[in-house]
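Structure first, commentary second.
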Amino acid sequence: MAQEDLFKKLVSHCKEYGYVFQSSEVYDGLSAVYDYGQYGVELKNNIKKYWWDSMVLLYENVVGLDSAIFMHPTIWKASGHVDAFNDPLVDNKDSKKRYRADVLIEDQRAKFEGKIEKEITKAKKRFGEAFNEDQFKETNPRVLANQGKIDELTARFAKAMNDNDLEGLKQIILDYEISCPVSGTKNWTDVRQFNLMFSTEMGSTAEGASKIYLRPETAQGIFVNYLNVQKTGRMKLPFGIAQIGKAFRNEIVARQFIFRMREFEQMEMQYFVRPGEEMKWFKHWKQFRMKWHQSLGFGSENYRFHDHDKLAHYANAATDIEFKYPFGFKEVEGIHSRTDYDLKQHQEYSGKKFQFFDPELNESYTPYVVETSIGVDRMFLQVISASYTEEEIKKENGKTDSRVVLSLPAFLAPVKLAVFPLIKKDGLPDIAREIINELKFDFYCQYDEKDSIGKRYRRHDAIGTPFCVTVDHQTATDRTVTIRHRDTMEQERVKIEDLKRIIGENVSYEKALRSL
Ligand code: ATP
């Protein structure tokens, strides 16, 4: 299936099965804002819990926080967001569409990378077993030519971004003949800076009201609380503070479903370390976070690191974990070594002490910070895109059938168990209800008696329910049921009393957590 088609299908599947709805749909929608439906909210909660437990349960020295969205406006002055939280925007004069200049350039680089990949795939086919990819990349003239273009583009791009050189960015767009995907023309306006923070007013009278911001990241709430947590939790360095919460950005371009939203959710962890030890911890968290993603079983080939060419004003190292979405490799998580920038800024702007007294070294210093920052919504899209499958099934009578199945990792699935009475009479619904009443304390169960068993299976395949249990006439005599496994579609007959153990073993994330 073409990747573009896949993406369209995902979006409509999410809507049809109660995962994600466009916000304010009855009023024609609000751009780049989405609501999570009855299954979406369950999946989202399960993702958040898996993240939270992998940070706060697994690491004794990582604790949680839930800071407010509204914060003192000076926080955003100190952090640099008021002056520098900008994206470079450019308009195409013919289509009137607006783009981020840096994204247009990155997409151009991805095109060159795509050409190299194509050459490699072709050569792999031609040479078979004997193919040596490294040697091919070092010698093939077409690969070398494209690599040369990538290197030159990367160097110019990094310089223009680092120098905040907007004319330079425009010149790159012109020199590489980047055209508007909608109009196809190269008729561009100048590149301008655009601040991404939303603001509102706090206070009851117009005169007395003060301008405040909706936080564009959750991290600052952690920085301004770090000494509160350190002191009350008697934390020693290194230690981390984890937080999950909403963030808001007035994104210039927002056309990729829940990938780029104006209101979204982040799961962030700030790890406070001794100065000089930040690179060690940066490496640690880089590896750990990659392992976390890969623990979901979506295939290691679908992830890669992308080290930053341009470092944010506060960072001395940064990398993204990218996932292969239907629209290509894109950032799902950022890992940043933020130095002591934020804490020092808050110390300066607040006039309060932000230093930590290290009893082992017998000295005070401002800790350095390594941050891991992942978007819940991008993670949600990762899980949905990796799990969505369309399958052809051979039936016993030789005919074929098809099904759409969300092969979600069982511990993330919204509904763990669906219970069906084979028919609506002979006391079978009562037994089905009895099973649910016993298991509902441990798992999210659903009762379903409508339509044929086959249709009920399909409905739950599409939702991603890992287990369906059917109560039939035999159940009434021997207290056994059939349990059907979503991915293999295999059915087995088991005792009702064993259901809790069988399902429990399969939907627990203990194994995944232990693998980290
Ligand atoms: P991008 O370059 O794609 O705009 P970013 O580098 O600005 O992302 P960060 O500031 O590092 O993103 O934010 C950390 C994480 O928050 C990202 O890895 C992403 O998962 C998530 N995130 C950021 N912006 C958005 C958004 N507009 N919608 C959804 N998730 C987002």
Side-chain angles (χ1 to χ4, degrees), residues 1-19 39 121 124-125 128 296-299 301-302 324 326 383-410 412-429 431-432 435 445-496 498-499 502-503 505-507:
M1 191 186 334
Q3 294 297 291
E4 220 168 89
D5 293 341
L6 170 65
F7 187 49
K8 277 190 196 144
K9 282 189 177 175
L10 287 180
V11 176
S12 54
H13 191 86
C14 280
K15 180 173 176 197
E16 191 179 341
Y17 287 94
Y19 272 90
Y39 296 121
T121 316
K124 250 186 204 159
K125 262 197 200 145
L296 297 173
F298 300 147
E301 70 283 4
N302 290 318
K324 195 173 185 186
V383 172
I384 291 275
S385 12
S387 304
Y388 180 92
T389 350
E390 291 179 6
E391 281 179 6
E392 288 285 317
I393 306 164
K394 279 223 158 60
K395 297 213 295 194
E396 276 166 16
N397 60 11
K399 289 190 179 159
T400 54
D401 196 1
S402 66
R403 68 164 185 161
V404 172
V405 52
L406 275 190
S407 299
L408 301 167
L412 294 183
V415 183
K416 305 296 189 216
L417 167 71
V419 186
F420 313 148
L422 184 64
I423 51 171
K424 280 190 245 177
K425 50 185 187 181
D426 301 339
L428 303 188
I431 304 177
I435 293 174
C445 310
Q446 278 198 345
Y447 175 84
D448 195 352
E449 60 174 24
K450 198 170 174 288
D451 302 320
S452 68
I453 290 287
K455 275 198 182 151
R456 285 182 251 174
Y457 281 157
R458 290 291 175 277
R459 212 157 35 231
H460 278 277
D461 286 344
I463 294 167
T465 307
F467 297 104
C468 292
V469 159
T470 304
V471 174
D472 55 23
H473 290 95
Q474 191 184 328
T475 313
T477 57
D478 68 0
R479 306 284 294 166
T480 64
V481 288
T482 57
I483 183 165
R484 183 245 194 200
H485 298 254
R486 178 195 63 201
D487 297 336
T488 57
M489 293 188 288
E490 269 166 21
Q491 298 179 26
E492 50 177 332
R493 196 131 201 127
V494 300
K495 289 187 190 146
I496 291 179
D498 289 339
L499 282 175
I502 297 171
I503 295 165
E505 279 168 7
N506 281 284
V507 304

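Inter-residue side-chain proximity for Ser385 and Phe298 is flagged as unmet; no heavy-atom pair is nearer than 4.5 Å. Side-chain contact between Ile431 and Ile496 is present, with heavy atoms from C-beta onward closer than 4.5 Å. A 4.5 Å side-chain heavy-atom check between Leu422 and Ile453 finds at least one atom pair inside the cut-off. A heavy-atom distance below 4.5 Å is found between the side chains of Leu499 and Val481. The side-chain heavy atoms of Ile393 and Thr400, taken from C-beta on, include no pair separated by under 4.5 Å. Between Thr482 and Gln474, the closest side-chain pair of non-hydrogen atoms is not below 4.5 Å. Arg486 places a side-chain heavy atom less than 4.5 Å from the side chain of Ser407.
Residues that satisfy the ring-ring contact (aromatic ring centres under 6.0 Å, His included) test with Phe7, not counting sequence neighbours, are Phe327. Residues satisfying the side chain to side chain donor-acceptor pair (under 3.5 Å) test with Asp426, not counting sequence neighbours, are His473. Partners of Glu505 by salt bridge (charged side-chain N to carboxylate O under 4.0 Å, His left out), not counting sequence neighbours, listed by chain and number: Arg501. Thr488 meets the side-chain contact (heavy atoms from CB on, under 4.5 Å) test with His485, Glu490; sequence neighbours excluded. Remark: Glu16 pairs with no residue by the side-chain contact (heavy atoms from CB on, under 4.5 Å) rule, at least two apart or across chains. The ring-ring contact (aromatic ring centres under 6.0 Å, His included) test applied to Phe420 returns Tyr457, His460, not counting sequence neighbours.
Between Arg403 and Asp461 there is a salt bridge, since a side-chain N of the basic residue sits under 4.0 Å from a carboxylate O of the acidic one. Electrostatic pairing of Asp472 and Arg493 counts as a salt bridge here, judged by a charged N lying under 4.0 Å from a carboxylate O.
Tyr388 and His13 have their aromatic ring centers within a separation under 6.0 angstrom.
With rounding to the nearest 0.5 Å, the separation of CG in Leu408 from CG in Asp487 is 9.0 Å. Taken to the nearest 0.5 Å, the CG atom of Leu406 stands 5.0 Å off from the OH atom of Tyr19. Note that NZ of Lys416 and SG of Cys445 are 10.5 Å apart. Values are rounded to the nearest 0.5 Å. The distance from atom OH of Tyr39 to atom CD1 of Ile463, rounded to the nearest 0.5 Å, is 3.5 Å.
The backbone N or O of Lys399 sits nowhere less than 3.5 Å from a side-chain atom of Lys394 that would complete a donor-acceptor pair. Side chain of Thr389 to backbone of Val405: a donor-acceptor contact under 3.5 angstrom is found. Although no hydrogens or angles enter the test, the distance criterion places no donor-acceptor pair under 3.5 Å between the side chain of Ser387 and the main chain of Ile384. When atom types are taken as modelled, the side chain of Thr475 and the backbone of Val471 share no donor-acceptor pair closer than 3.5 angstrom. Remark: the backbone N or O of Thr470 is not paired with any side-chain donor or acceptor of Arg484 at under 3.5 angstrom.
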Requested in this report: Quick one: do Thr465 and Leu417 satisfy side chain to side chain contact (heavy atoms under 4.5 Å, CB included)? Show the steps, please.
Outcome: CA-CA 6 Å; Thr465 307; Leu417 167 71; 5.6 Å; no
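When each of Arg458, Arg456, Arg459 is paired with Asp448, the salt bridge (Lys or Arg N to Asp or Glu O under 4.0 Å) condition holds for Arg459 and for no other.
The two atoms that bring Pro326 and Leu10 nearest to each other are CG-CD1, 3.8 Å, heavy atoms only.
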